[in-house]
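Some notes on the structure that comes next.
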There are 2 protein chains.
Amino acid sequence: MDMTAKLTAAAERLFDRHGYMATGMDQLTAAAGMSSRTLYKHAGNKAQLMARVLTERDRRFMARLEVQSVDALFAALEDWVRAEGTRGCLFLRSRAETGGDTPEIAEAVAMHKAAFYQRIGEVVATDLGREDPVLAEQVLVLLEGATHAAVYRGADAVSAARAAAAILIERART
Amino acid sequence: MDMTAKLTAAAERLFDRHGYMATGMDQLTAAAGMSSRTLYKHAGNKAQLMARVLTERDRRFMARLEVQSVDALFAALEDWVRAEGTRGCLFLRSRAETGGDTPEIAEAVAMHKAAFYQRIGEVVATDLGREDPVLAEQVLVLLEGATHAAVYRGADAVSAARAAAAILIERART
DNA sequence: TGTAATGTAAAACGAACGTTTTACATTGTC
DNA sequence: GACAATGTAAAACGTTCGTTTTACATTACA
């Protein structure tokens, strides 16, 4: 594992757990096990580091959404939540923490959410045999809602969302 | 408008727009139009100020949810979003920004989310004529999802959630 | 063997942080 | 007319912030 990967992994953990603003560069150097000189050589600055964390997270999250059915989307979210915990969406959180005023971060978030929206549309179309933009928007709302409700309602929120999506899909099919 | 109310209103605006951590006390004194001495006399400290902002916001938000039907819940959210904008849930955001490690904030958020969950259960029971915990959880997920999806999808997310809830309610009724 | 690259350790940078203090003005009330 | 109470303005507190710099060690390769 090279320095860049070690840094990105450590940064994701700290940013996700404590927030972007609340995480200091000295905590990052300590967690990544490197000097600040090396950190800045690899990361550029704090905002660029966060942007790289988000890009890497997008890659990892979107890989789990390479599925053929809407139900599998919720199964993937259940797996994600089990593996990564329930702290809400890191993309929306980091964007909100910076008020949308940090270009690198705002762009990484916009990229991810656009890809997320598109993937849902594709999965809905595959599952249904036709496009259904309204249903896709509803599935997106359910996924986003499950992610955020799980913070205080736990895994029940995800399974409730999954069941709701099944009803909507069934209704759209007939 | 007394100093406390003026301070709370200014603080809510800044915390909501720029985030809790990113908002400095000097920005708060400037926006509230008072000296830092007065601010600290009324607010105690920054975390207590945020907690008071959340409590006040809870009061204002929950007042809008005094309705009799699930559909009216979504209408209320549409009104809220129109009036206050779409920046996600300030409660979850401030909790995440502080990693849940600031007791005053964590408690204010827990209070609000418990009240929110309970209110949804009551409205579902009123609308349906009986309790339905699973449906209530689904309505909660849709409301939470609409709130967060609206950040990047706009008001469409709220109306999609509203339509989805109508389908779930109709199905539960028959 | 020399040199460029890559790393550490630690001090230093100025700026900004949340909070307290000092000094003073204005008010309403007994 | 004295006295709390409540406010402002502004300096000061020590700490921490993100970032850069200085000085030095280790490695890899021509």
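Lettering of chains follows the sequences in order, A, B, ..., and the numbering in each one begins at 1. Predicted, not measured: the structure shown is a model, and the values here were computed from it.
In this structure, B:Lys6 places its NZ atom 8 Å from P of D:dT8, rounding to the nearest Å. Atom OH in A:Tyr40 sits roughly 15 Å away from atom C1' in C:dA11 (whole-Å rounding). Straight-line distance from the CG atom of A:Leu39 to the C1' atom of C:dA10: 16 Å, rounded to whole Å. Between the P atom of D:dA5 and the NZ atom of B:Lys41 lies a distance of 9 Å, rounded to the nearest Å. For the pair B:Leu28 CG and C:dG18 P, the computed distance is 8 Å after rounding to whole Å. In this structure, the CG atom of A:Asp26 is 18 Å from the P atom of C:dA12, given to the nearest Å. In this structure, B:Arg37 atom CZ and C:dA23 atom P are separated by 12 Å, rounded to whole Å. Spacing between atom CD of A:Gln48 and atom C1' of D:dG18 amounts to 13 Å, rounded to whole angstrom units.
For the OP1/OP2 pair of C:dA10 and a distance below 4.0 Å, the side-chain nitrogens and oxygens of A:Ser35 include no atom meeting the criterion.
In this structure, B:Arg162 pairs ionically with B:Glu78, as a charged nitrogen and a carboxylate oxygen lie closer than 4.0 Å.
Within the cation-pi definition used here (under 6.0 Å to the ring centroid, within 45° of the axis), B:Arg153 qualifies as a partner of A:Tyr117. Geometrically, A:Lys46 does not engage A:Tyr40 in a cation-pi contact, judged by NZ or CZ lying under 6.0 Å from the ring centre and within 45° of the ring axis.
Checking C:dC17, C:dT20, D:dG7 against the side-chain heavy atoms of B:Thr38 singles out D:dG7 as nearest. For A:Met3, the side-chain atoms get nearest to C:dG7 when compared with the rest of D:dT19, C:dG7, D:dG7. Candidate nucleotides C:dT8, D:dG18, D:dG7 were compared by shortest atom distance to the side chain of A:Lys46, and D:dG18 ranks first.
Among the protein residues, A:Thr29 comes within range of no part of the nucleic acid, since none of its heavy atoms lies under 4.0 Å from any strand.
Taking for each of A:Gln27 and A:Gly44 the nucleotide of DNA chain D with the nearest heavy atom, the 5'-most of the two is the partner of A:Gln27. Projected onto DNA chain C by closest heavy-atom contact, B:Met25 and A:His42 fall at different nucleotides, the more 5' of which corresponds to A:His42.
Expressed to the nearest 0.5 Å, how far CE of A:Met50 lies from CG of A:Asn45 amounts to 12.5 Å.
B:Ser36 contributes a side-chain N or O that forms a donor-acceptor pair with the base of C:dT20 under 3.5 Å.
When each of B:His42, B:Arg52, B:Arg57, B:Arg13 is checked for a side-chain hydrogen bond (donor to acceptor under 3.5 Å, both in side chains) with B:Thr8, only B:Arg52 meets the rule.
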